[in-house]
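Lettering follows sequence order; numbering is per chain, from 1. Everything numeric in this text was worked out from a predicted model, so none of it was measured.
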2 protein chains.
Amino acid sequence: MAMNTRTLCLGILSLKEASGYELKKEIEEGMFRHFIDASFGSIYPALTQMSAEGLLTVRAEEQSGRPDKKVYAITEAGRAALAKGLAVIPARDKYKSEFLFEMLLQHLLNKEQVDLAISKQHADLTEDLGAIMEARAHKGGECNDPGSRFVMGYGECVVRAALGFLEAQCPWLRKNKIKAAE
Amino acid sequence: MAMNTRTLCLGILSLKEASGYELKKEIEEGMFRHFIDASFGSIYPALTQMSAEGLLTVRAEEQSGRPDKKVYAITEAGRAALAKGLAVIPARDKYKSEFLFEMLLQHLLNKEQVDLAISKQHADLTEDLGAIMEARAHKGGECNDPGSRFVMGYGECVVRAALGFLEAQCPWLRKNKIKAAE
DNA sequence: TGATGCATGTAATCCGTTACATGATTCA
DNA sequence: TGAATCATGTAACGGATTACATGCATCA
């Protein structure tokens with residue numbers, strides 16, 4: 001085992017209890033978003049399975065008009081399983097970039113396609129950076145543990161470097177930036 | 001379509017002809033290694049399939065003692081397919097990091113585990129950086145097209161930033177570095 | 001003599017995404 | 001009125017990894 005949907009859910013549930021829907025939101029919008037994904041199709045079955053194995057408990061919260069919200073909480077067995085998962089030496093980071101693939105083969109593209117790809121990359125990175133800065137500012141209280149600070153710092157540093165490279169290579173990106181800020 | 005094993009193979013074969021084995025090596029050791037992987041289990045079937053579709057031609061090179069080496073070359077149809085693949089707006093970069101997951105949950109680990117994970121990350125990044133620098137120095141001729149320079153520059157910049165962050169957070173890494181250089 | 005590199009392939013299996021199915025509430 | 005959010009789940013499908021199967025050459 002190591003980093004599959006199960007371990008991910010256990011990890012979040014070790015911080016706070018949550019429903020499947022809330023876990024998805026946390027994964028998409030929280031700290032995790034920069035280095036993991038997961039979809040409902042993998043989260044819900046993982047949760048059901050882990051409850052059956054005694055790693056989680058479920059509590060159904062009634063709601064008007066909606067299906068009951070199933071709030072999951074981690075058990076002692078769950079914490080043990082998580083600890084075992086974390087004890088595994090982490091696998092090397094995996095980075096997949098269609099953007100860099102396109103850049104490497106840029107001689108096969110025309111200038112517009114290259115510029116478009118670069119703009120898109122720049123926009124994506126800018127959005128990432130924005131999310132980090134907002135997390136730091138907005139919920140300063142929630143993110144003041146050493147783990148969150150480390151991860152945000154790492155992310156900020158890497159994203160800024162990438163952005164800096166793109167802007168150094170393509171001066172026209174800076175113009176767009178100013179335009180966007182107007 | 002966009003970035004699957006097929007497009008990847010077409011991309012490399014658009015630069016030079018190669019066998020499945022050589023493609024794997026190129027993916028593991030060349031420019032691509034920083035942002036893609038692929039295993040034999042996906043490369044060989046992709047190659048067979050694309051030959052059948054007329055995107056590639058095969059030429060068997062006899063060799064003593066080994067199975068014939070099957071050298072694949074891209075056809076016009078293959079170049080067209082590749083162009084179509086590249087025309088798709090690239091998907092957002094995907095970054096998966098068990099390292100950052102562990103760092104985020106570092107309160108569940110003891111100091112040795114955290115330090116080990118950080119050292120490993122530092123070593124991995126150092127290796128990546130070394131590969132980039134070596135590629136630049138060693139085969140200066142092969143990597144002087146704009147695409148390679150862009151990708152190497154981007155990689156170098158990001159990896160150095162990550163390394164810088166780790167070293168700023170953990171001064172003891174610098175000691176190790178000096179030790180390693182002795 | 002044993003590991004590593006060269007060389008190709010297949011099959012089982014895993015893991016995950018996408019799409020489907022359902023349905024009320026709220027906001028523009 | 002239509003889109004988005006809240007809320008849970010299943011099933012089909014895809015894509016890739018892993019392990020298996022084979023076997024000679026070379027280097028330490």
Donor-acceptor side-chain pairing of B/Asp93 and A/Gln121 below 3.5 angstrom: yes
Length of the line joining A/Glu98:CD and D/dG15:P, which is rounded to integer Å: 13 Å
A/Glu28 CD to D/dT5 C1', straight-line distance once rounded to whole Å: 12 Å
All pairs passing salt bridge (Lys or Arg N to Asp or Glu O under 4.0 Å) where residues 148-165 of chain A contributes a residue, at least two apart: A/Arg136-A/Glu156, A/Glu156-A/Arg160
Separation of D/dA16 P from A/Lys96 NZ (nearest whole Å): 7 Å
Neighbour count above 12 (heavy atom, 6.0 Å) for A/Lys94 NZ: no
Nucleotide C/dT13, atom C1' - distance to CG of A/Asn4 in whole Å: 15 Å
Any B/Leu86 side-chain heavy atom under 4.5 Å of A/Phe101 side chain: yes
Any B/Ser42 side-chain nitrogen or oxygen under 4.0 Å from OP1 or OP2 of D/dA16: no
Integer-rounded Å distance: D/dC6 C1' and A/Ile43 CD1: 15 Å
Distance under 6.0 Å and angle within 45° of ring axis: B/Lys69 vs B/Tyr21: no
For atom NZ of A/Lys94 and atom P of C/dC15, their distance in whole Å: 12 Å
Whole-Å gap separating P (D/dG14) and CZ (B/Arg6): 13 Å
Lys NZ or Arg CZ of B/Lys120 over B/Phe99 ring: under 6.0 Å, within 45°: no
Nearest-Å distance for atom pair NZ/P, residues A/Lys24 and C/dG16: 14 Å
B/Thr5 side-chain N/O to D/dG15 phosphate OP1/OP2 under 4.0 Å: no
Grab the N/O contacts between the protein and nucleotides 4-9 of chain C below 3.5 Å, and write none if there aren't any.
residue: C/dG5; atom: N2; partner: B/Arg66; partner atom: NH1; Å: 3.4
residue: C/dC6; atom: OP2; partner: B/Tyr21; partner atom: OH; Å: 3.2
residue: C/dA7; atom: OP1; partner: B/Gln63; partner atom: OE1; Å: 2.7
residue: C/dA7; atom: OP1; partner: B/Gln63; partner atom: NE2; Å: 3.0
residue: C/dT8; atom: OP1; partner: B/Lys70; partner atom: N; Å: 2.9
residue: C/dT8; atom: OP2; partner: B/Tyr21; partner atom: N; Å: 3.0
residue: C/dT8; atom: OP2; partner: B/Tyr44; partner atom: OH; Å: 3.1
residue: C/dG9; atom: OP1; partner: B/Lys70; partner atom: NZ; Å: 2.2

